[in-house]
Each structure stands twice: as structure tokens, then as C-alpha cells.
Amino acid sequence: QVQLVESGGGLVQAGGSLRLSCVASGRTFSTYVMGWFRQAPGKEREFVAAINRSGGTTYYADSVKPRFTISRDNAKNTVYLQMNSLKPEDTAVYYCGAGRELVSIRRTYDYWGQGTQVTVSS
């Protein structure tokens, strides 16, 4: 079992930046693909970015290219999401997930954090 805890959300003006972190418990972090998803009020949870086990391959939703960057530090059991040039439409609760495949499909992610709120004001 993996427990995930996100942090780093907050309120930021349009054009600003935030860095989200997700810390995983346990010794198996490096065996999981890690992903970030987000959910805005009244909408489905949508894919944002994912990174493979070694950190050498990344995958992004078109809506966040090239503004967001996902990275991971396996020694710290942590995955990051650097978000630059934020827009009001990026406002959502952001969740990290631990999964099996480097894909955008939500059901392939087995473990989820509790989420962190990101609000971008115009």
C-alpha cells in the first residue's frame, strides 16, 4: 500500500507560479508511475501530467504544455509539479496518483492523495 500526501497549493495571480509536491510512504515509490490529475468544481477529474519510474520520460496534457513540468526524486519519495504562467482555468484541486502505466487513464492509478487546492485569480 502507498499513502500519498500533496502540498504546495494556494492562491496565486494569473501569470504566477506554484510548485506542488507529493510525498509517498513506503519503500516502493520507485516502482510506480506517478501522475498528477486535477478536478475543477462540477467537472470530471482530468489528467495533467505523468512521469515514468526512473523519471526519464514524461507525458503532459496539451492544456498544460509547456507551462507545467513534472519531476520526481526517488531518494525522497517525492513527485513534483512545477506550474508556471498559471491561468484562471488552472483552478482546481490537484491530486497525485501512483499507477502502473505512463498513461492519462485515471483507472490505471491505484493510489491517490487527498488533493491540494490551487486557485488562480484573474
Side-chain angles (χ1 to χ4, degrees):
Q1 187 120 7
V2 177
Q3 292 186 325
L4 304 172
V5 179
E6 302 98 333
S7 62
L11 173 64
V12 63
Q13 287 189 331
S17 298
L18 283 173
R19 187 174 83 152
L20 306 184
S21 299
C22 172
V23 179
S25 64
R27 304 180 197 175
T28 60
F29 176 75
S30 62
T31 67
Y32 289 96
V33 167
M34 297 301 297
W36 286 97
F37 287 70
R38 67 187 181 186
Q39 187 166 16
K43 294 188 176 182
E44 294 283 326
R45 190 175 298 189
E46 65 174 7
F47 172 75
V48 174
I51 189 165
N52 72 341
R53 293 167 178 82
S54 68
T57 302
T58 56
Y59 175 38
Y60 296 93
D62 288 343
S63 60
V64 304
K65 293 178 184 176
R67 302 180 296 122
F68 290 11
T69 302
I70 188 171
S71 61
R72 68 190 295 164
D73 185 337
N74 287 343
K76 295 182 178 180
N77 281 11
T78 303
V79 62
Y80 304 97
L81 186 68
Q82 177 67 44
M83 306 186 295
N84 299 328
S85 302
L86 282 161
K87 305 175 181 180
E89 51 263 44
D90 294 318
T91 295
V93 177
Y94 283 70
Y95 299 89
C96 71
R100 294 161 272 144
E101 300 179 58
L102 190 67
V103 294
S104 60
I105 303 171
R106 193 172 64 188
R107 60 178 167 78
T108 67
Y109 291 80
D110 299 317
Y111 302 101
W112 295 95
Q114 82 291 347
T116 186
Q117 176 71 47
V118 171
T119 303
V120 184
S121 63
S122 57

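Side-chain atoms of Ser122 do not come within 3.5 Å of backbone N or O of Pro88 as any donor-acceptor pair. Side chain of Arg53 to backbone of Ser30: no donor-acceptor contact under 3.5 angstrom is found. Of the possible donor and acceptor atoms, one in the side chain of Asn77 sits under 3.5 Å from a partner among the backbone N and O of Ala24. Judged by distance alone, the side chain of Asn52 and the main-chain N or O of Tyr59 form no donor-acceptor pair under 3.5 Å. The backbone N or O of Leu20 sits nowhere less than 3.5 Å from a side-chain atom of Glu6 that would complete a donor-acceptor pair. No donor-acceptor pair closer than 3.5 Å links the side chain of Tyr109 to the backbone N or O of Cys96. With hydrogens and angles ignored, the 3.5 Å screen pairs a side-chain donor or acceptor of Thr91 with a backbone N or O of Val120.
Across every non-hydrogen atom of Asp90 and Arg67, the tightest pair is OD2-NH1, 2.7 Å. Contact detail for Val33 and Ile51: the closest heavy-atom pair is CG1-O, 3.4 Å. Among all heavy-atom pairs drawn from Val79 and Phe29, the shortest one is N-CZ, 4.0 Å.
A distance of 8.5 Å separates CG of Leu18 from CD of Gln82, quoted to the nearest 0.5 Å.
Judged by a 6.0 Å distance limit and a 45° cone about the ring axis, Arg106 is not positioned over the six-membered ring of Tyr95.
Between Trp36 and Cys22 there is a side-chain heavy-atom pair separated by less than 4.5 Å.
At a threshold of 4.0 Å, the pair Asp62-Lys65 counts as salt-bridged, since one of the basic side-chain nitrogens sits closer than that to a carboxylate oxygen.
Using cut-offs of 30° and 60° for the angle between ring planes, the Phe47 and Phe37 rings count as perpendicular.
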